[in-house]
Amino acid sequence: MTAHLLKAEIHCHIEGATPPSLAQAQAAKYGLDISHLLDADGYEWSDFSEFLVCYDAVAALFRTADDYALLTETYLGELAGYNTIYSEIIVSPDHGDRIGLGADAYLAGICDGIHAAREKTGIEARIIVTGERHFGPDSVIAAADYAKRAKNPLVTGFNMAGEERMGRVADYARAFDIARDAGLGLTIHAGEVCGAFSVSDALDLVHPSRIGHGVRAIEDPALVERLVELGTVLEVCPGSNIALKVFPDFDSHSLRALKAAGVRVCLNSDDPPFFNTSLMQEYEIASSVMGFSDAEINGMTRTAIEAAFVDEATRGALLARLDAAATA
Ligand code: ADE
Ligand code: ZN
């Protein structure tokens, strides 16, 4: 049982956190039929490409700043309900632009949701702006430019998500240069759909402190050693990896081997309802399926907070809360 453990995550896409019930309510609000997106078990898709299409369709159900505030507050409230003290949410201004809302209103709504959730529950949250790789290099550069221009105190990191098979990391490196110059923390999706080369490219060209997923680094022992030496943190999302068939089952998932090799790892939910999971369930699986002890799980939560894109005072307060709970 992990319900009592304090939790933290640094990798969840805000639109990907939409519960099907909220998607249905949003569709009703805008008079849309989304029956093609849902089946009895939740969102309906069959492979990574279809997942991205389904994700973009769900994102298009949020059309105002208030819609985004509701989504953000709903998700953070759920997290706080099972003792999550910190969350980094990945947001994509492109989705705001695509729906005609605009990036500023999109971001303002998400910030309102964070403030409301913090007021009600005490949960701490920060925002990672992401570019979507499948929207092309120009759009990823525009996302980095936007993150820089926004000068929003809650925006503390930059990421690239989307179709990993599109182009090479080099095509997108400029976006990360912009984000680095702006003082943002850097993380990038790699080693999820593509193999170890994608993680190596990310390390060579982006120099991120964290990698989104990175779990296929296990295919190259020299790369695993490099990750250990660099201290790069892998934002591991086991349920997502099984749903997207990166590994056939939890037994063959690389989390255990990566941790045993000394790679810094933490637990995350990615797009929880799309993968029939939750951060709570990821912790439960780590405990009861993967066999991690409470101390090992607290260690991964500590890693998430150590790697968080957050000011040192907040990091210190979060770590103190975690340590106090772990020794209680
Ligand atoms: N966008 C949302 N979820 C994603 C994932 N798991 N990989 C890449 N891009 C994503
Ligand atoms: Zn992700």
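Every number for a ligand or one of its atoms is a count from 1 in the order of the listing.
Geometric assessment of R315 against the ring of F309 yields a negative cation-pi assignment under the 6.0 Å and 45° thresholds. With a 6.0 Å cutoff to the six-membered ring centre and a 45° limit on the axis angle, R63 does not count as a cation-pi contact of Y68.
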Run the side-chain hydrogen bond (donor to acceptor under 3.5 Å, both in side chains) check on Q26 and D67 step by step: do they pass? CA-CA 8 Å; Q26 290 295 119; D67 289 347; 3.3 Å; yes
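Taking only nitrogen or oxygen atoms, main chain and side chain alike, E132 does not reach within less than 3.5 Å of ligand 1. Considering backbone and side-chain atoms together, D270 places an N or O closer than 3.5 Å to an N or O of ligand 1.
Taking a 4.0 Å cut-off on heavy atoms, F274 fails to register as neighbouring ligand 1. Heavy atoms of E15 stay at 4.0 angstrom or farther from ligand 1.
Of all protein heavy atoms, the one closest to atom 7 (N) of ligand 1 is E192 OE1, 2.7 Å. D271 OD2, 2.6 Å is the protein heavy atom nearest to atom 3 (N) of ligand 1. In this structure, the protein non-hydrogen atom closest to atom 9 (N) of ligand 1 is G162 N, 2.8 Å. Among protein heavy atoms, the minimum distance from atom 1 (N) of ligand 1 is reached at H13 CE1, 3.5 Å.
For the Zn ion (ligand 2), the nearby protein N/O/S atoms, meaning those under 2.8 Å, are H11 NE2, H13 NE2, H189 NE2, D270 OD1.
Residues H253 and N241 have side chains that bring a donor and an acceptor to within less than 3.5 angstrom of each other.
Side chain of T121 to main chain of A117: a donor-acceptor pair is present (N/O by atom type, distance under 3.5 Å, no hydrogens or angles). With E284 contributing its side chain and T2 its backbone, the two residues share a donor-acceptor pair below 3.5 Å. A donor-acceptor contact shorter than 3.5 Å is absent between the side chain of N159 and the backbone of G157. E235 places no side-chain N or O within donor-acceptor distance of the main-chain N or O of H213, the cut-off being under 3.5 Å.
With salt bridges taken as basic N to acidic carboxylate O contacts below 4.0 Å, one links R168 and D201.
Below 30°, between 30° and 60°, or above 60°: for F48 and F51 the angle between ring planes is between 30° and 60°, a tilted geometry.
Less than 4.0 angstrom separates some heavy atom of H213 from each of these atoms of ligand 1: 6 (N).
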